[in-house]
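Contents: one structure, followed by commentary.
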Amino acid sequence: MGILDGYTVLDCSIAMAGPFAAQRLGDLGADVIKVEPIAGEWQRHAPAGGITGNKINVSFLSLNRNKRSLAVDLKSEGGQAVIRKLVEKADVFIQNYRAGVAGRLGVDYDTLSAINPGLVYVSMTGYGEDGPHAQRPGQDLLLQAMSGAMMSTGRKGEPPQAAGQYLVDAVTAYTAFEGALAALLHRERTGEGQKVEVNMLDAITTLQMQELSVFTVGHKPQERSAEPHAHVYIRSPYGTFATTDGYIALAMPNFPGLARALDAPDLADLDEATAGWDDRDATFAAVREAIAKFSTADCLSRLEAEGIWAGPVYGYADLVADPQIAHNGTFIEYDHPTEGHVKTPGFPIRFSRSPAELRRGAPLTGEHTDEVLRAAGFSDAEIAEMEGAGAIARGTV
């Protein structure tokens with residue numbers, strides 16, 4: 001049994017952050033019902049990387065395992081009646097609509113908590129449910145830009161660089177996952193449900209706990225270097241450096257050891273405070289020139305011998321093939337009925353007594369509509385009537 005076995009989650013979210021949070025609850029054993037429109041959730045039709053799959057694209061496949069699909073039109077009276085019925089026995093409800101949309105669809109907290117006072121209601125937005133930016137689009141890149149994080153990396157005078165991942169979406173997903181678990185624990189102790197509000201702006205801002213405190217408490221300004229230094233608040237050299245056959249990452253070395261490792265005696269004379277902080281560009285350039293003489297393997301071997309923190313710069317192919325990844329069981333593999341063999345990132349948290357597990361792959365649209373509605377108490381005649389009215393979709397679309 002998973003830790004959350006016996007809990008029911010209604011996932012009314014779209015795109016990445018909400019579905020990712022709900023998937024994590026499913027990984028821990030919860031019965032996650034993916035409530036999606038008749039034609040399928042938006043992410044089914046917006047494949048990342050253009051990888052469309054057979055019937056399910058990779059984007060949707062990666063974010064919706066361990067869920068059942070209920071296809072329902074929430075804009076219809078019949079669709080709203082379905083949700084109200086399911087909420088009676090649900091434990092968690094997740095939505096990431098723009099501010100005001102949940103109310104128009106009749107799935108706002110006040111409405112649903114009146115039906116089930118013990119409900120944990122997770123509301124995810126881009127900037128908050130109200131305030132001056134509440135109606136702005138909560139998109140990952142836009143939030144990275146607004147968070148200040150992009151102005152801490154890259155070269156001075158050049159355009160700021162975004163992270164190579166959907167960073168804000170992922171951080172927000174984990175924040176919502178954490179919030180849902182905490183609220184469930186509160187309910188176990190008190191019997192009370194509650195509303196849990198998570199927004200992308202706060203999630204990415206609070207992730208930068210150290211950096212922003214250096215700015216707000218230490219009053220040190222954000223000043224990028226001319227060289228591609230990896231972080232404005234860490235001394236040079238700190239970043240990635242080209243070798244004869246690739247790249248390495250180097251973090252905060254001691255200069256005498258670095259000088260010995262790279263056969264660059266001049267580096268031994270550098271003062272950590274002066275060179276590392278005040279002369280970041282010159283220091284970075286000197287180290288870059290020294291490292292460029294070595295192959296990646298040779299350079300890493302030399303640095304390791306001196307106890308200097310350094311490592312290879314991987315692409316995805318290197319990461320997937322790494323022996324530690326294999327040892328950890330970081331990826332899971334399974335056969336999907338329409339998409340064939342799937343290898344995808346698995347479960348990052350390990351529990352000794354109640355491990356996460358894969359119970360089902362991502363569902364087809366409406367694959368479990370009949371199953372979910374029958375379990376909720378709807379008769380076959382009622383289900384057929386709702387299908388005829390266009391309130392739900394059954395089977396696959």
### Query
To the nearest 0.5 Å, what is the distance between CD1 (Ile14) and CE (Met124)?
11.0 Å
### Task
Check Gly79 against Leu74 and note the closest heavy-atom contact, atom names and distance.
O-CD2, 4.0 Å
### Message
Working note: Arg374 + Asp380, criterion side chain to side chain contact (heavy atoms under 4.5 Å, CB included); need CA distance, chi angles, decisive distance, verdict.
### Response
CA-CA 7 Å; Arg374 285 176 182 141; Asp380 288 349; 2.8 Å; yes
### Message
I'd like to know if the side chain of Asp91 reaches the main chain of Thr8, judged simply by a donor and an acceptor atom lying under 3.5 Å from each other, with no hydrogens or angles considered.
### Response
yes
#### Entry: Asp322 (side chain) donor-acceptor with Leu319 (main chain) under 3.5 angstrom
no
### Donor-acceptor under 3.5 Å (Asp27 side chain, Ala356 main chain)
no
### Any donor-acceptor pair under 3.5 Å from Asn199 side chain to Glu129 backbone
no
### Summary
Gly276 and Arg280 have their tightest heavy-atom pair at O-CG, 3.1 Å
### Query
Quick one: do Tyr109 and Ile115 end up in the same hydrophobic cluster if we chain Ile, Leu, Val, Met, Phe, Trp and Tyr together by side-chain heavy atoms under 4.5 Å apart?
yes
### Query
Can you tell me how far CD of Glu188 sits from OG1 of Thr190, rounded to the nearest 0.5 angstrom?
9.0 Å
### Closest contact, heavy atoms only, Ala176 versus Ala21
CB-CB, 4.0 Å
### Note, Met200 side chain near Asp169 side chain (heavy atom, < 4.5 Å)
yes
### Query
Got more than 12 heavy atoms from elsewhere within 6.0 Å of OH, Tyr247?
no
### Query
Going hydrophobic residue to hydrophobic residue with side-chain gaps under 4.5 angstrom, can you get from Ile325 over to Tyr314?
yes
### Message
Ignoring hydrogens, what is the shortest heavy-atom contact between Val232 and Met151? Give both atom names and the distance.
### Response
CG1-O, 4.1 Å
### Task
Count the heavy atoms of every other residue, nucleotide or ligand shown that sit under 6.0 Å from CD of Glu289, and state whether that count exceeds 12.
no
### Separation between CG of Leu212 and OG1 of Thr206, rounded to the nearest 0.5 Å
9.5 Å
### Query
Where the side chain of Glu306 meets the backbone of Arg302, is there a donor-acceptor pair that is under 3.5 Å apart?
no
#### Entry: Verdict with reasoning, Thr111 to Asp108, per side chain to side chain donor-acceptor pair (under 3.5 Å)
CA-CA 6 Å; Thr111 298; Asp108 55 288; 2.8 Å; yes
### Glu339 side chain vs Ile56 backbone, donor-acceptor pair below 3.5 Å
yes
### Task
For residues Arg44 and Asn57, report the shortest heavy-atom separation together with the two atoms involved.
O-ND2, 2.5 Å
### Query
Going hydrophobic residue to hydrophobic residue with side-chain gaps under 4.5 angstrom, can you get from Val35 over to Val32?
no
### Message
As an exercise, state the distance from CD of Glu197 to CG of Asp130, rounded to the nearest 0.5 Å.
### Response
7.5 Å
### Query
Does NZ or CZ of Arg155 fall inside the cone over Phe284's six-membered ring, less than 6.0 Å from its centre and within 45° of the axis?
no
### Query
Would you call Glu387 and Thr369 a side-chain contact if the rule is heavy atoms closer than 4.5 Å?
no
### Query
If you count the non-hydrogen atoms of other residues, nucleotides and ligands that lie under 6.0 Å from NE2 in His341, is the total more than 12?
yes
### Message
Check whether Gln135 reaches the backbone of Ala99 with its side chain - one donor and one acceptor, N or O, closer than 3.5 Å.
### Response
yes
### Query
When hydrophobic residues are tied together by side-chain contacts of less than 4.5 Å, even through go-betweens, does Ile94 share a cluster with Leu119?
no
### Message
Tell me whether the count of non-hydrogen atoms from other residues, nucleotides or ligands lying under 6.0 Å of CD in Gln210 goes above 12.
### Response
no
### Task
State, yes or no, whether a side-chain contact exists between Glu77 and Gln80 at a heavy-atom distance under 4.5 Å.
no
### Message
If you count every heavy atom of other residues, nucleotides or ligands that lies below 6.0 Å from Arg350 atom CZ, does the total exceed 12?
### Response
yes
### Query
Between Phe177 and Leu25, is a side chain to side chain contact (heavy atoms under 4.5 Å, CB included) present by the stated rule, with each step listed?
CA-CA 7 Å; Phe177 172 56; Leu25 296 171; 3.7 Å; yes
### Message
Less than 4.5 Å apart, side chain to side chain, heavy atoms only: is that true for Phe351 and Ile349?
### Response
yes
### Within 6.0 Å of CH2 in Trp277, more than 12 heavy atoms from elsewhere
yes
### Query
Could you state the interatomic distance from CD (Glu385) to CD1 (Ile392), rounded to the nearest 0.5 Å?
10.0 Å
### Query
For the side chain to side chain contact (heavy atoms under 4.5 Å, CB included) test, which of Val107, Val122, Val196, Val120 pairs with Phe93?
Val107
### Message
Between Arg68 (side chain only) and Asp31 (backbone N and O only), is there a donor and an acceptor less than 3.5 Å apart?
### Response
no
### Query
Would you call Glu36 and Phe60 a side-chain contact if the rule is heavy atoms closer than 4.5 Å?
yes
### Query
Mind checking whether Tyr174 and Phe20 have ring centres under 6.0 Å apart?
yes
### Message
For Leu28 and Phe347: C-alpha separation, side-chain torsions, deciding distance, then whether side chain to side chain contact (heavy atoms under 4.5 Å, CB included) applies.
### Response
CA-CA 9 Å; Leu28 296 188; Phe347 320 114; over 6 Å; no
### Message
What's the separation between atom NZ in Lys34 and atom CG in Asn66, rounded to the nearest 0.5 Å?
### Response
13.5 Å
### Query
Any side-chain heavy-atom pair from Glu227 and Ser236 closer than 4.5 angstrom?
no
### Task
Examine Ile33 and Phe378 and state if one hydrophobic cluster contains both, with Ile, Leu, Val, Met, Phe, Trp and Tyr joined whenever side-chain heavy atoms are less than 4.5 Å apart.
yes
### Message
Counting only heavy atoms not in Lys293 (residues, nucleotides, ligands), do more than 12 fall under 6.0 Å from its NZ?
### Response
yes
### Task
Say whether, by atom type as modelled, one donor and one acceptor occur between the side chain of Asp271 and the main chain of Thr274 under 3.5 angstrom.
yes
### Message
Does Glu178 form a side chain to side chain contact (heavy atoms under 4.5 Å, CB included) with Val198? I'd like the steps, not just the answer.
### Response
CA-CA 10 Å; Glu178 178 183 353; Val198 172; over 6 Å; no
### Task
Look only at the side chain of Asp140 and the backbone of Val168, and say whether a donor-acceptor pair between them is shorter than 3.5 Å.
yes
### Message
With heavy-atom distances below 4.5 Å as the criterion, would you say the side chains of Ile291 and Ile248 are in contact?
### Response
yes
### Task
Answer yes or no: does atom OH of Tyr166 have more than 12 heavy-atom neighbours from other residues, nucleotides or ligands under 6.0 Å?
no
### Summary
Heavy-atom nearest pair, Leu86 first then Leu70, reads CD1-CD2, 3.4 Å
### Side-chain heavy atoms of Ser354 within contact of Asp5, under 4.5 Å
no
